[in-house]
S.K.: 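The structure's right below; bear with me while I get my questions together.
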Amino acid sequence: MLEVHDLAKRYGNVVALDGATFTAHEGRLVGFLGPNGAGKTTTMRCVFGLATPDRGETRWRGNPIDQPMRLRFGYMPEQRGLYPRMKVGEQLSYFAQHHGLSGRDAKTAAARWLDRFGLADRSGAKLEELSHGNQQRVQLAVALVHDPELLVLDEPFSGLDPIGTATMTEVLRERAAAGVGVVFSSHQLDLVENVCEDVVIIAKGRIVAQGPIDELKRASGRRHLEVEVAGGNGAWINSLGDVQVLEQRGDRVRLLVADTLDLPATLAQAGRAGTIRRFSFEPPALSDLFMEAIGEDGRDTPEVHR
Amino acid sequence: MSRARAIWLVARRELMERGRSKGFIGSLILTEVFVVGSMLLQATLASGENQIRVGYVGDPPAALAPAMNAVAQRDEGRVELRTYVDRGAAEAALGTDEIGGAILPGDGPDDPGTLLFKAEPDDRVVATVSEAILALRLAEAGVNLSPPAVESIEPVSAADQASFLLANVGVIFLFISIFSFGYWVLSGVVEEKQSRVVEVVLATVRPRDLLMGKVFGIGVLGLVQLLILLVTGLIAAGFVGRIELPATTLPTFAMLLLWFVLGYVLYSTLFGVLGALASRMEEASNVTTPVSFLAMGAYFLSIFVVLNDPDGLVARIASLVPPAAPMVVPMRAALGAIEWWEVVISVVVTVLFIYALFVVGGRVYTGAVLQTGGRMKLRDAWRSAR
């Protein structure tokens with residue numbers, strides 16, 4: 001279990017983290033969400049000792065994270081970077097050795113991961129000779145090459161094509177299934193909703209929501225009601241009382257309602273108005289939860305260049 | 001994993017990547033060609049200068065050749081005398097530059113004869129031949145006219161001259177090596193920062209260890225290059241046989257290598273630390289300008305002041321100033337103008353300075369190397385690392 005406890009960090013006058021606390025469990029894919037500048041990258045950097053928090057600490061499996069422990073972690077920073085003129089295979093092996101693998105094991109591991117990503121024949125090529133997508137794959141391989149216990153990836157999906165996204169998803173799921181802790185940040189909320197079991201949402205340096213996506217949805221007092229009534233004039237919704245119309249197009253209407261809404265009564269009312277073509281009552285999407293969680297003032301946090 | 005292993009991994013990467021690079025091999029070959037080439041060139045030019053070939057029409061007096069050689073020897077030269085049957089043969093030899101001048105002996109005791117040239121009379125040939133012939137004639141006339149013997153109170157031996165040359169050339173090598181390999185450390189630091197790979201590296205390696213490994217790895221390359229230059233220089237000198245190497249050659253070389261190590265570590269650390277403040281190579285050159293001036297200042301001090309007065313006050317003080325010592329001390333040592341205990345003190349002071357530089361610079365580097373977005377101030381870098 002990765003525990004982030006009460007992390008605080010300031011850069012001059014800019015507050016990057018303001019008492020962030022959350023946990024992430026092994027074996028589950030954890031999406032780390034938040035607007036730009038909310039503190040995602042700073043949190044990850046604190047885990048890897050790349051930033052020193054003003055307050056608070058990070059723990060892994062109950063122990064404060066230190067340098068020897070970090071060798072068993074894998075990291076993919078937001079700003080991708082490897083040695084442009086170093087050969088791909090040697091580069092992977094080099095980083096594997098920094099994580100404590102012997103020279104021989106590092107070579108084997110490098111070859112295995114290159115093979116996994118279909119880059120076995122590019123082992124002797126310089127990184128800069130590879131396509132952008134393949135460079136991304138090598139970057140991921142660097143994070144994975146030493147079979148880490150914990151993977152922390154900053155925006156691993158950004159810039160990936162659908163095939164790359166599928167590969168990334170597959171690898172992350174496989175690692176989680178193997179008992180590895182996997183935490184990654186992303187702005188692609190639909191993707192996170194599909195891929196992750198848990199989310200942690202951060203805004204202005206504080207954690208505003210965390211937990212399994214299903215639970216968060218269930219806990220939300222709101223539901224989305226989507227109804228399509230042919231022949232109706234749409235006036236029937238006025239009798240529903242306290243609802244918010246999100247979208248109304250032709251016969252179709254999308255409403256934000258309370259989870260206590262009397263469904264049978266609503267269905268009956270719609271039926272009286274015309275022929276029901278569609279009637280769906282669902283928890284809000286992750287993107288709705290996200291917007292709700294960060295609130296109005298969390299949306300325009302200034303970008304911190306660090 | 002131990003810190004030593006991390007440092008070694010970083011150093012080995014630098015060694016392998018840079019050692020195989022075209023830049024390193026190219027510069028090695030180029031300097032090698034320059035060093036050996038200039039020695040060979042100098043040797044051939046010099047041997048040409050010191051050999052005079054003179055023709056003589058008819059049978060020369062037996063004493064002429066020894067007399068001319070006696071004169072030429074004062075300049076460490078030699079004279080080769082060739083004989084020709086008549087003036088036509090001598091002119092032909094002059095035409096093909098086989099000889100530098102031809103002596104046409106006179107018809108009697110009153111006729112001094114002629115010294116014939118192809119075009120411009122060669123002053124050395126004129127002087128040598130004239131003096132020799134004059135001496136012979138005076139001897140024939142029974143006059144023994146010897147020039148006064150030449151002596152010096154503080155004679156400058158050939159070995160002293162060679163020491164002087166060695167000191168000069170050695171310090172030039174030292175300066176170039178320190179500068180070029182220090183610059184590699186600078187560009188390495190900036191490249192890592194610019195390509196952002198430093199964030200991946202620092203997730204497992206401590207910043208100080210990364211800097212240390214880099215300085216170490218590139219330093220080994222520098223040492224290898226300097227060694228190769230010195231050894232091939234020695235071989236070339238031995239092969240040419242022109243420069244008589246003084247007995248101090250090996251101690252001087254050892255001194256150069258020692259001070260390369262100290263000077264390189266000092267300057268490359270400075271370069272690396274300040275380079276971390278920059279986010280692009282263009283900025284890096286600006287940030288490190290003061291260090292470049294410092295290095296050049298030390299070099300000029302060494303060749304303009306210390307060389308002329310190697311055990312003067314300035315030289316003695318400069319030997320105790322760490323940024324200057326790497327170029328001043330080996331110069332003084334090569335000239336035999338430094339006591340061994342002075343060297344020991346210099347080394348100790350410089351090592352202490354380097355240690356302090358690592359402590360202070362390491363913190364600045366740590367604070368600066370992860371910050372992107374423009375050039376950083378020294379103060380901010382110091383503060384942001386704790």
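Below, chain A is the first sequence line, B the second, and so on; all start at residue 1. From a predicted model like this one, the values you see are computed outputs, not experimental measurements.
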S.K.: For the side chain to side chain contact (heavy atoms under 4.5 Å, CB included) test, which of Val200(B), Val197(B), Leu202(B) pairs with Glu192(B)?
M.R.: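 Between Glu192(B) and the candidates, side chain to side chain contact (heavy atoms under 4.5 Å, CB included) is satisfied uniquely by Val197(B).
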
S.K.: Heavy-atom distance under 4.5 Å between the side chains of Ile178(B) and Phe260(B), does that happen here?
M.R.: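 In short, these two side chains touch, coming nearer than 4.5 Å.
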
S.K.: Given that the side chain runs from C-beta out, which part of Tyr83(A) has a heavy atom under 4.5 Å from chain B: side chain, backbone, both or neither?
M.R.: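 Tyr83(A) touches chain B through backbone and side-chain heavy atoms alike.
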
S.K.: With respect to chain B, which residue among Arg70(A), Met76(A), Met86(A) yields the maximal number of heavy-atom pairs within a distance under 4.5 Å?
M.R.: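 Looking at each of Arg70(A), Met76(A), Met86(A) in turn, Met86(A) comes out on top.
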
S.K.: Below 4.5 Å from any heavy atom of chain A, which atoms of Gln194(B) appear? Answer side chain, backbone, both or neither.
M.R.: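 Neither the backbone nor the side chain of Gln194(B) comes within 4.5 Å of chain A.
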
S.K.: Side chain from CB out, backbone as N, CA, C, O: work out which of these in Val47(A) comes under 4.5 Å of a heavy atom of chain B, or both, or neither.
M.R.: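 Neither part, no heavy atoms under 4.5 Å.
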
S.K.: More than 12 heavy atoms of other residues, nucleotides or ligands under 6.0 Å from CZ of Arg104(A): yes or no?
M.R.: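 Open.
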
S.K.: Of the backbone (N, CA, C, O) and the side chain (C-beta and beyond), which part of Glu199(B) lies under 4.5 Å from a heavy atom of chain A, both, or neither?
M.R.: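 Both parts, backbone and side chain.
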
S.K.: Are more than 12 heavy atoms from other residues, nucleotides or ligands located less than 6.0 Å from atom CZ of Phe216(B)?
M.R.: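 Atom CZ in Phe216(B) is not packed in, count stays at 12 or less.
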
S.K.: If you take the centroid of each ring, where Trp contributes its six-membered ring, are Tyr299(B) and Phe179(B) closer together than 6.0 Å?
M.R.: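 Phe179(B) vs Tyr299(B): aromatic centres not under 6.0 Å.
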
S.K.: Using non-hydrogen atoms and a 4.5 Å limit, figure out which bit of Arg85(A) sits close to chain B: side chain, backbone, both or neither.
M.R.: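 Arg85(A) touches chain B through backbone and side-chain heavy atoms alike.
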
S.K.: Centre of Phe24(B)'s six-membered ring, under 6.0 Å away, within 45 degrees of the axis: is that where NZ or CZ of Lys22(B) sits?
M.R.: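 Judged by the rule (NZ or CZ under 6.0 Å from the ring centre, within 45° of its axis), Lys22(B) is not positioned above Phe24(B).
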
S.K.: Heavy-atom distance under 4.5 Å to chain A: side chain of Val10(B), backbone, both or neither?
M.R.: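 For Val10(B), heavy atoms of backbone and side chain both lie under 4.5 Å from chain A.
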
